K.L.:
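One structure is given below, represented as structure tokens, and several questions about it will come after.
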Amino acid sequence: MPIGTAAGLDPTVLLDTAYCQARIGLDEGGIPIGAALFSADGVLLGEGRNRRVQHDDPSVHGETDAFRAAGRQRDYSSTIMVTTLSPCWYCSGLIRQFGIGSVVIGENRNFVGGEDWLREAGVAITVVDDDRCVAMMADFIAENPLLWNEDIGVAEDA
């Protein structure tokens, strides 16, 4: 069941937090992907952004940063991961590993990760198709193709 239907939460409102994180990351010279982890009733547990460039650490994706910021939870099944871009396989693995129940995706036009895999595992997926997220990512990819390819694990000469 898509988020918002059951809990009465507006996914676009939740997305604003992740979008702000993506803008901060872009302003820092990083890859503009933001994320936030919310409780089922919309309480912000943690927020973060892709900091691969800023921390010189390839494991700091937006979703992992938000997950770490949320701290330990006893149960993730009712949590909502909100991300500006379709989660890559690495972040999709985190979502499955910890049983995060819902994912709100800002956009999946510029990149599609493990959405179908998550959906098949019973994760509720909501794609907002937010024009702000689409434009920010498209502009970034056009201006930084080598950095983008590095982020998604594509060889420079591909």
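These numbers come from a predicted model, not from an experiment.
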K.L.:
How long is the straight-line distance from OG1 of Thr84 back to CD1 of Ile105, given to the nearest 0.5 Å?
P.N.:
10.5 Å
K.L.:
Quick one: does Ser77's side chain have a donor or acceptor within less than 3.5 Å of a partner on Gly101's backbone?
P.N.:
no
K.L.:
Does Arg109 come within less than 4.0 Å of Asp130, counting only side-chain N to carboxylate O?
P.N.:
no
K.L.:
As an exercise, state the distance from NE2 of His61 to CD1 of Ile33, rounded to the nearest 0.5 Å.
P.N.:
7.5 Å
K.L.:
Is it true that a side-chain atom of Asp65 and a backbone atom of Glu47 form a donor plus acceptor pair closer than 3.5 Å?
P.N.:
no
K.L.:
About how many Å separate CG of Asn144 and CD1 of Ile31, when rounded to the nearest 0.5 Å?
P.N.:
8.5 Å
K.L.:
Using only atom types and a distance under 3.5 Å, with no angle test, would you say the side chain of Tyr90 pairs donor to acceptor with the backbone of Ser59?
P.N.:
yes
K.L.:
Ion pair present between Asp116 and Arg119, side-chain N to carboxylate O less than 4.0 angstrom?
P.N.:
yes
K.L.:
Is Asp57 salt-bridged to Arg52, going by a charged N under 4.0 Å from an acidic O?
P.N.:
no
K.L.:
Output the distance between atom CG (Asn110) and atom CG (Asp139), rounded to the nearest 0.5 Å.
P.N.:
9.0 Å
K.L.:
From Asn108 CG over to Ile125 CD1, what is the distance, rounded to the nearest 0.5 angstrom?
P.N.:
10.0 Å
K.L.:
Is it the case that atom CG in Asp56 sees more than 12 heavy atoms from other parts of the structure closer than 6.0 Å?
P.N.:
no
K.L.:
Do Ser92 side-chain atoms and Trp117 backbone N/O form a donor-acceptor pair below 3.5 Å?
P.N.:
no
K.L.:
For Pro32, run the side chain to side chain contact (heavy atoms under 4.5 Å, CB included) check against Arg23, Met136, Arg49, Gln21 and tell me which one passes.
P.N.:
Met136
K.L.:
Would a distance-only check, ignoring hydrogens and angles, find a side-chain to backbone donor-acceptor pair under 3.5 Å from Ser39 to Val43?
P.N.:
yes
